[in-house]
Amino acid sequence: MTATETHHFQAEVQQVLQLVIHSLYSNKDIFLRELVSNASDACDKLRFEALQDPELYGDEPGLKIEIHADKAARTLSVRDTGIGMSKQELIENLGTVARSGTRRFLEAIAEGRKADLSLIGQFGVGFYSAFIVADRVTVTSRKAGASGSFVWESTGDGQFTLSEGPEDAPRGTTVTLHLREGEDDYLEDWKLRALIRTYSDHIGFPIRMRKPGDGAEYETVNQASALWMRPKNELTDEDYQGFYRHVAHDFGEALAWTHNRVEGNQNFTSLLYVPARAPFDFQFSRDDRKGLKLYIKRVFIMDASAQMLPAYLRFVRGVVDSDDLPLNVSREILQESRQVERIKGALTKRVLDLLDRLAKDEPEKYAGFWREFGTTLKEGVAEDAGNRERVLKLLRFPSTRSENAEQLVSLDEYIGRMVAGQEDIYYLTADGWNAARNSPQLEALKARGVEVLLMHERIDEWMSGYLHEYAGKRLRNVAKGELDLDKLGGQVDKAAREQAAKDAEGVVARLKGILGDAVKDVRVSARLTTSPSCIVLDEHDMALHMQRLLKAAGHDAPAGKPILEINPEHALVKRLAGEADDARAADLGWLLLEQAQLAEGGVLDDPAAFIARTTRLIASGG
Ligand code: ADP
Ligand code: MG
């Protein structure tokens with residue numbers, strides 16, 4: 001290559017650049033963290049590859065990062081002695097190949113909710129943050145083991161150039177920022193040192209800067225040690241938070257962490273964090289999980305979140321450093337390794353312990369955790385049968401005693417305030433908070449002062465398929481099966497109800513005649529006190545709102561027919577019983593079913609018929 005080549009940025013990359021260049025963003029400092037993080041990744045990669053091929057070090061065994069400011073030229077450089085990039089890699093990595101996070105980043109910023117530029121690193125486009133403070137960026141790189149270097153350069157306006165660099169360039173990469181007008185602060189020694197100490201102190205490689213004065217000597221300005229290997233009692237909260245920002249690419253805080261060394265037939269160290277806020281693209285990443293870095297004897301191997309943490313703990317960020325796994329381990333080996341399985345079990349336990357402690361000792365923090373990650377944790381009820389009881393202990397739900405959907409109760413608290421004679425834990429699943437809290441199914445339980453958990457989130461219905469028992473108590477869905485409330489006492493005793501059922505035999509038969517195939521059964525309800533009717537399901541039927549959801553998504557939902565329960569004390573039911581006119585009786589009968597369907601959040605098969613019916617009844621004097 002003799003001449004300079006010109007390449008165009010891939011369209012989405014160009015949009016990221018536009019965004020970076022034109023947004024009025026106050027926290028400009030982030031660019032340095034991103035560049036240092038890339039330099040550190042490059043050193044990690046070389047160390048990893050050199051395990052197989054030590055020749056790659058050539059005559060420079062040191063892995064380090066240097067930061068150099070040139071006041072006269074107004075440039076700031078970040079150099080590393082890491083893996084370096086070939087010509088093709090410069091082209092692809094820095095501009096022509098959009099990464100999976102690129103579009104998500106653009107969308108996140110456009111939505112403008114909680115995403116801002118500082119999260120750029122979480123989306124895998126951190127390099128472009130260089131353009132926050134630079135109007136021209138030059139990257140010179142020599143790949144380890146190769147001779148000759150290449151120079152990438154761009155002003156961020158749609159294209160970049162590529163040319164040959166010096167033959168004797170040092171191994172690794174130098175990123176040089178030509179600072180924009182007004183950004184001269186980033187040439188100041190004190191400023192750079194402060195930034196490194198704040199954001200990059202725990203990078204595992206030395207970050208070096210010129211000693212103050214005019215000598216050419218460099219000194220290390222960060223801790224440059226693997227933080228997780230240091231004894232806990234030497235580490236402050238700030239140390240932990242600083243390292244969290246580094247591993248999680250987060251400018252926010254960790255909510256809590258757990259740092260442990262395990263010795264025995266497995267030796268490993270883990271440092272696991274629960275973030276205070278969900279990463280922006282969190283909900284997308286069930287299949288593409290990241291955030292747990294696997295080291296083996298201090299060498300970074302790969303992100304192993306998917307192999308070493310269950311999916312329902314995918315919010316955890318941190319590091320695992322094993323002494324025993326083979327350095328040449330592959331993703332496939334990790335997948336099948338019994339050792340890894342054991343580490344995964346231990347990490348899961350650590351996280352559950354941590355959450356347990358948080359829930360007990362710092363309930364407000366725990367509430368914050370629950371807001372961010374509660375829905376994710378619920379997946380554990382289904383996913384982790386072995387820890388189901390522990391996961392259930394951590395769950396929180398609103399109940400019939402809550403004033404709003406945010407007032408939550410744990411199963412333990414619920415059990416602590418069960419009424420005399422109550423043996424089971426009652427819950428209701430529904431499509432939304434209002435449908436749950438106003439459900440007619442709750443009337444009799446409410447009348448007896450029995451609390452019912454109101455599970456109103458999408459995931460709850462699915463989860464409830466795995467709810468059987470907690471602390472030796474059965475978990476009962478109040479909308480399913482026969483509800484035997486007699487042992488709970490209250491106004492209606494068994495004999496009275498049996499009598500009522502007998503008295504209502506006529507109206508039940510009449511209703512069955514009217515509704516025919518539309519229902520599985522009609523019976524007298526033990527659940528109702530004020531509503532005329534409600535719909536219940538057989539023990540193993542899928543909830544109606546779940547059936548609707550599946551249908552809407554184009555699946556074949558089992559069309560479980562509803563059971564209609566009626567309240568013989570209600571005026572509407574009494575009218576039906578005494579109605580002489582068969583046509584009017586039919587209107588009343590269908591109304592009992594349709595009202596129950598609506599109350600449960602359902603959609604009527606034939607809304608026009610429903611309206612005609614109500615209109616007829618009202619017009620004829622009610
Ligand atoms: P990420 O670091 O999340 O992959 P970046 O936008 O920061 O995303 O970097 C993009 C890619 O460019 C990196 O994945 C890496 O392949 C390459 N890269 C960036 N900086 C360096 C460097 N100093 N040395 C080697 N490769 C680098
Ligand atoms: Mg990066």
Side-chain angles (χ1 to χ4, degrees), residues 7 9-10 12-17 19-20 30-50 56 63-68 76-106 117-132 134 137-146 149-154 156 160 162 165 169-177 199-200 203 205 207 245-251 279-281 285 288 290-291 293 300 302-303 317:
H7 296 265
F9 285 114
Q10 191 270 350
E12 280 168 3
V13 171
Q14 181 56 31
Q15 287 178 48
V16 170
L17 280 166
L19 225 153
V20 165
I30 60 159
F31 79 90
L32 190 62
R33 178 188 70 167
E34 293 303 329
L35 296 181
V36 168
S37 151
N38 285 349
S40 160
D41 291 349
C43 292
D44 270 332
K45 278 183 207 158
L46 177 55
R47 188 158 63 182
F48 180 65
E49 301 214 342
L56 286 177
L63 289 172
K64 61 185 181 207
I65 299 163
E66 275 175 10
I67 299 199
H68 180 74
L76 174 66
S77 306
V78 178
R79 308 199 265 259
D80 64 70
T81 57
I83 189 81
M85 283 178 275
S86 66
K87 179 185 168 195
Q88 201 52 34
E89 286 167 333
L90 280 165
I91 295 172
E92 288 177 2
N93 295 343
L94 308 185
T96 62
V97 176
R99 331 190 64 215
S100 62
T102 315
R103 173 180 300 250
R104 280 191 230 140
F105 177 66
L106 290 167
L117 272 187
S118 72
L119 301 179
I120 192 165
Q122 289 180 12
F123 294 87
V125 283
F127 169 76
Y128 303 110
S129 66
F131 288 92
I132 297 176
V137 176
T138 312
V139 181
T140 305
S141 198
R142 180 166 73 80
K143 179 110 181 166
S149 64
F150 293 92
V151 183
W152 176 106
E153 187 166 87
S154 180
F160 60 88
L162 214 82
R171 178 191 73 230
T173 302
T174 302
V175 178
T176 301
L177 310 184
Y199 299 122
S200 307
I203 294 280
F205 301 97
I207 301 175
R245 293 193 194 96
H246 163 60
V247 284
H249 274 286
D250 189 352
F251 256 69
F280 189 83
D281 61 342
S285 43
D288 166 31
K290 285 204 298 268
K293 296 191 167 177
F300 174 70
M302 65 178 90
D303 196 299
R317 298 286 176 266

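Computed from heavy atoms alone, side chains included, the values below leave out hydrogens, waters and symmetry copies. Residues take their numbers from the sequence shown, with the count starting at 1. Each ligand, and each atom within it, is numbered from 1 in the order the structure gives.
Close contacts between ligand 1 and Leu94 involve ligand atoms 12 (O) [criterion: under 4.0 Å to a heavy atom]. When each atom of ligand 1 is checked for a heavy atom of Arg99 under 4.0 Å away, the hits are 1 (P), 3 (O), 4 (O), 8 (O), 10 (C), 14 (O). Near Met85, with a cut-off below 4.0 Å to any heavy atom, the atoms of ligand 1 are 17 (C), 18 (N), 21 (C), 25 (C), 26 (N), 27 (C). Atom numbering of ligand 1 starts at 1 in the shown order; those under 4.0 Å from a heavy atom of Gly126 are 5 (P), 6 (O), 7 (O).
The residue Val175 has no part lying near ligand 1, judged by heavy-atom distances below 4.0 Å. Contacts between Thr173 and ligand 1, counted as non-hydrogen atom pairs separated by less than 4.0 Å, involve the side chain only. With a heavy-atom cut-off of 4.0 Å, Leu35 does not touch ligand 1 at all.
The protein non-hydrogen atom at the shortest distance from atom 6 (O) of ligand 1 is Phe127 N, 2.9 Å. The single protein non-hydrogen atom nearest to atom 2 (O) of ligand 1 is Asn38 OD1, 2.9 Å, given as residue, atom name and distance. Counting only heavy atoms of the protein, atom 23 (N) of ligand 1 lies nearest to Asp80 OD2, 2.9 Å.
In this structure, the side chain of Arg103 does not engage the main chain of Ala98 through any donor-acceptor pair within 3.5 Å. Tyr128 contributes a side-chain N or O that, together with a main-chain N or O of Gly95, makes up a donor-acceptor pair within less than 3.5 Å. Within the 3.5 Å criterion, the main-chain N or O of Thr140 finds no donor-acceptor partner in the side chain of Ser149. Glu66 places no side-chain N or O within 3.5 Å of a backbone atom of Arg79 that could act as its donor or acceptor partner. Between the side chain of Arg33 and the backbone N or O of Tyr199 there is no donor-acceptor pair closer than 3.5 Å. A donor-acceptor pair under 3.5 Å links the side-chain atoms of Asp303 to the main chain of Gly291, judged by distance alone.
The minimum heavy-atom distance between Lys290 and Arg317, with the atom names listed, is O-NH1, 3.1 Å.
Not a single heavy atom of Glu89 lies less than 4.0 angstrom from ligand 1.
Looking at Ser141, Ser40, Ala42 and measuring to atom 24 (N) of ligand 1, the nearest heavy atom belongs to Ala42.
Val175 pairs with exactly one of Leu94, Leu35, Val36, Leu76 by the side chain to side chain contact (heavy atoms under 4.5 Å, CB included) rule, that one being Leu35.
Between Gly124 and ligand 1, an N or O atom pair is found at a separation short of 3.5 Å. Considering backbone and side-chain atoms alike, Asn93 places an N or O below 3.5 Å from some N or O of ligand 1.
Taking the six-membered ring where the residue is Trp, the centroids of Phe300 and Phe48 are separated by 6.0 Å or more.
Between the Mg ion (ligand 2) and Ser37 there is no N/O/S contact shorter than 2.8 Å.
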